[in-house]
There are 2 protein chains.
Amino acid sequence: MYEMSSNMHGRPPRFSREQIAQVAFESADREGFDAVSMRRVAQELGAGTMTLYSYVHTKDELVALMDDQLMGELLVSEEELARAWPDAFIAILRQTYRLRLKHPWSLAAMQNAGLGRNAARHAEQTLAALEGSPFNDEQKFMVMTVADSFVDGHALHRIEVTTEQAPDAAVRTRSLGALERIASGPYPRMHRSWVALESRRPLAAAWMDESFERGVSAMLEGFVRQFSN
Amino acid sequence: MYEMSSNMHGRPPRFSREQIAQVAFESADREGFDAVSMRRVAQELGAGTMTLYSYVHTKDELVALMDDQLMGELLVSEEELARAWPDAFIAILRQTYRLRLKHPWSLAAMQNAGLGRNAARHAEQTLAALEGSPFNDEQKFMVMTVADSFVDGHALHRIEVTTEQAPDAAVRTRSLGALERIASGPYPRMHRSWVALESRRPLAAAWMDESFERGVSAMLEGFVRQFSN
DNA sequence: CTTTTTATCGTACATTGTACGGTACCATGT
DNA sequence: ACATGGTACCGTACAATGTACGATAAAAAG
């Protein structure tokens, strides 16, 4: 589709789309997704704002490039893929999970991204990691879908809870923090579970990690049984 | 904390917070989450824009009210809760899933919402639905967390795919649509799975539903086995 | 009526995405 | 060497956003 570097017309570009995406990517990591504006990105590149629109039709397209860059970090070596089921598969899930937590904006960005090149490669690799599994092609696809859903959902909830930042948030929104609400309201079971949890510190991170791991293995175990009729 | 209707001072409010939240809620359903602005909501109420700020400190607080209203739709009758494990629990998961699909904006809204009153009630009910299960208190909490993660993640992915609207989207973002990319690139396994899927039409909705159902039961089955050591 | 308290809302400002149009630049054709 | 045409560059402008500020209006309490 694209003409190559021969047969060039007009002024050559100063940047590449990947460069621009990278700057936006790092900006999102540092200042948060909402802080990524066309003006800011352009400024960090030392360019005028509207210059970006020579590289990108719309901001959504820039976001899609960011997402593609992110998914690139998920690609895995061939040796990694060759590991026996279910190790390679679970390793990919863990890596995806870590990536979502490291770049919390990616879950919001995803919405306007579509299936990029690296996302497709990642999916292909995920299917490859299911090679030794007892599933057929359609089942593999479903297991992948379900597992990805769980990974992203778990990351989403974890980010949500973690981002519920310090003490003034409750005041700012005039709503109670989660703990005060549970403690002060008629939520006996929530309270019981909370107490049961408190005896097993540390709470937040380690418990979330265990929850993730158990979720993954429960799901896989269930699928193996379900698809072995 | 709050004074009751006796002992009132000053001008009485024209609206209630719930009213305002409802208008915003319906607006989000009709025009999408991004279309919900303070100006629009105020206009639909027949009020000046800044009037809203007598009811709400910030837009995030309005979003939190919308989320609370949403979670209210999840509350379930006592008879429903009394059903034998795992029926009540699965029923709640299905209902949550349907609600997420019906109000796709809710996943984005959640991010700035925090644990509202109805969300806490919903969690309490979810734990109650686990009453006959073989899990202890801490395990119940984890099963709930994991299940909710899966439900929301599945809805997130499904919305993402569904919203990838018609044919001009690919042009608009200069990126290929998912199908063209899979068809045209080196993604043999994706292609195979896709072919395997095409023989089982209808594709989108029914397959997603099955994927959801299988994911839920796989996960529960796995948890039961895992927690029965 | 006066005072106190609260609701209402017009104006203003900073920030956003991006349409428009002009200018600068470079490879190519003559 | 020069003209041509295509592309990058970017200043300006506009509509829309959240919301701070302060004036005004209204209703209840004294």
Side-chain angles (χ1 to χ4, degrees), chain A residues 2-21 23-24 27-28 31-66 105 108-109 111-113 171-174, chain B residues 2-21 23-24 27-28 31-66 105 108-109 111-113 171-174:
Chain A
Y2 264 76
E3 304 297 333
M4 294 275 70
S5 60
S6 63
N7 222 11
M8 291 268 279
H9 283 318
R11 187 175 179 171
R14 281 199 291 163
F15 312 108
S16 69
R17 285 159 62 94
E18 288 70 26
Q19 242 175 87
I20 295 174
V23 167
S27 200
E31 329 261 3
F33 189 57
D34 289 344
V36 177
S37 70
M38 299 302 269
R39 281 173 234 270
R40 277 184 60 89
V41 172
Q43 192 169 351
E44 288 184 36
L45 283 165
T49 304
M50 295 309 291
T51 300
L52 293 188
Y53 286 92
S54 310
Y55 298 88
V56 144
H57 281 103
T58 178
K59 192 191 177 183
D60 277 359
E61 188 176 332
L62 174 57
V63 171
L65 290 181
M66 293 168 67
W105 50 266
Q111 208 98 37
N112 309 46
V171 178
R172 238 189 46 249
T173 64
R174 231 184 208 170
Chain B
Y2 264 75
E3 304 297 333
M4 293 275 70
S5 60
S6 62
N7 225 11
M8 291 270 279
H9 282 324
R11 188 175 178 172
R14 275 165 52 201
F15 312 109
S16 70
R17 285 160 63 95
E18 289 69 26
Q19 242 176 87
I20 295 174
V23 166
S27 200
E31 330 261 1
F33 189 56
D34 289 343
V36 176
S37 69
M38 300 301 269
R39 283 165 172 61
R40 278 184 58 88
V41 172
Q43 193 170 350
E44 287 185 37
L45 282 164
T49 304
M50 294 310 290
T51 300
L52 293 189
Y53 285 92
S54 310
Y55 297 89
V56 144
H57 281 103
T58 177
K59 192 192 178 182
D60 277 359
E61 189 177 331
L62 175 56
V63 172
L65 290 181
M66 292 168 67
W105 51 266
Q111 209 99 35
N112 308 45
V171 179
R172 239 189 46 250
T173 64
R174 228 184 210 171

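Note that the structure is a prediction, hence the values are computed from the model and not measured. Letters go in sequence order (proteins before strands), and every chain restarts at 1. Below, each value reflects all heavy atoms present in this structure, side chains not excepted, and no hydrogens, waters or symmetry copies.
- The CD atom of A:E31 sits 15 Å away from the C1' atom of C:dT15 (whole-angstrom rounding).
- For B:S27, the side chain to side chain donor-acceptor pair (under 3.5 Å) partners are B:E44, not counting sequence neighbours.
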What pairs of nitrogen or oxygen atoms, one from the protein and one from nucleotides 1-7 of chain D, lie under 3.5 Å apart?
residue	atom	partner	partner atom	Å
D:dG6	N2	A:R11	N	3.3

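- Taking atom OH of residue A:Y53 and atom P of nucleotide C:dA19, one finds them 7 Å apart after rounding to whole Å.
- Between A:T51 and the phosphate of D:dA8, there is no side-chain N or O to OP1/OP2 separation shorter than 4.0 Å.
- For the side chain to side chain donor-acceptor pair (under 3.5 Å) test, residues two or more places apart in sequence or in another chain that qualify with B:E31 are B:R40.
- For B:R11, there are no side-chain contact (heavy atoms from CB on, under 4.5 Å) partners, not counting sequence neighbours.
- A distance-only check finds a donor-acceptor pair linking the side chain of B:E61 to the backbone of B:H57 [under 3.5 Å].
- Rounded to whole Å, atom P of D:dA8 lies 11 Å from atom CD1 of A:I20.
- Residues from residues 36-48 of chain B placing a heavy atom under 4.0 Å of any atom in DNA chain C, listed by number, are B:R39, B:A47, B:G48.
- Here the C1' atom of nucleotide D:dA23 and the CE atom of B:M50 are 13 Å apart, to the nearest Å.
- Between atom OG1 of residue B:T49 and atom CE of residue B:M38 there is a gap of 8.5 Å, rounded to the nearest 0.5 Å.
- Look at CG on B:L62: it is 14 Å from C1' on D:dT17, rounded to the nearest Å.
- For the side-chain contact (heavy atoms from CB on, under 4.5 Å) test, residues two or more places apart in sequence or in another chain that qualify with B:A21 are B:L65, B:Q69.
- Within the structure, every side-chain polar atom (N or O) of B:T49 is placed at least 4.0 Å from both OP1 and OP2 of D:dG18.
- Nearest to the side chain of B:P12, among C:dT18, D:dT19, D:dA27, sits D:dA27.
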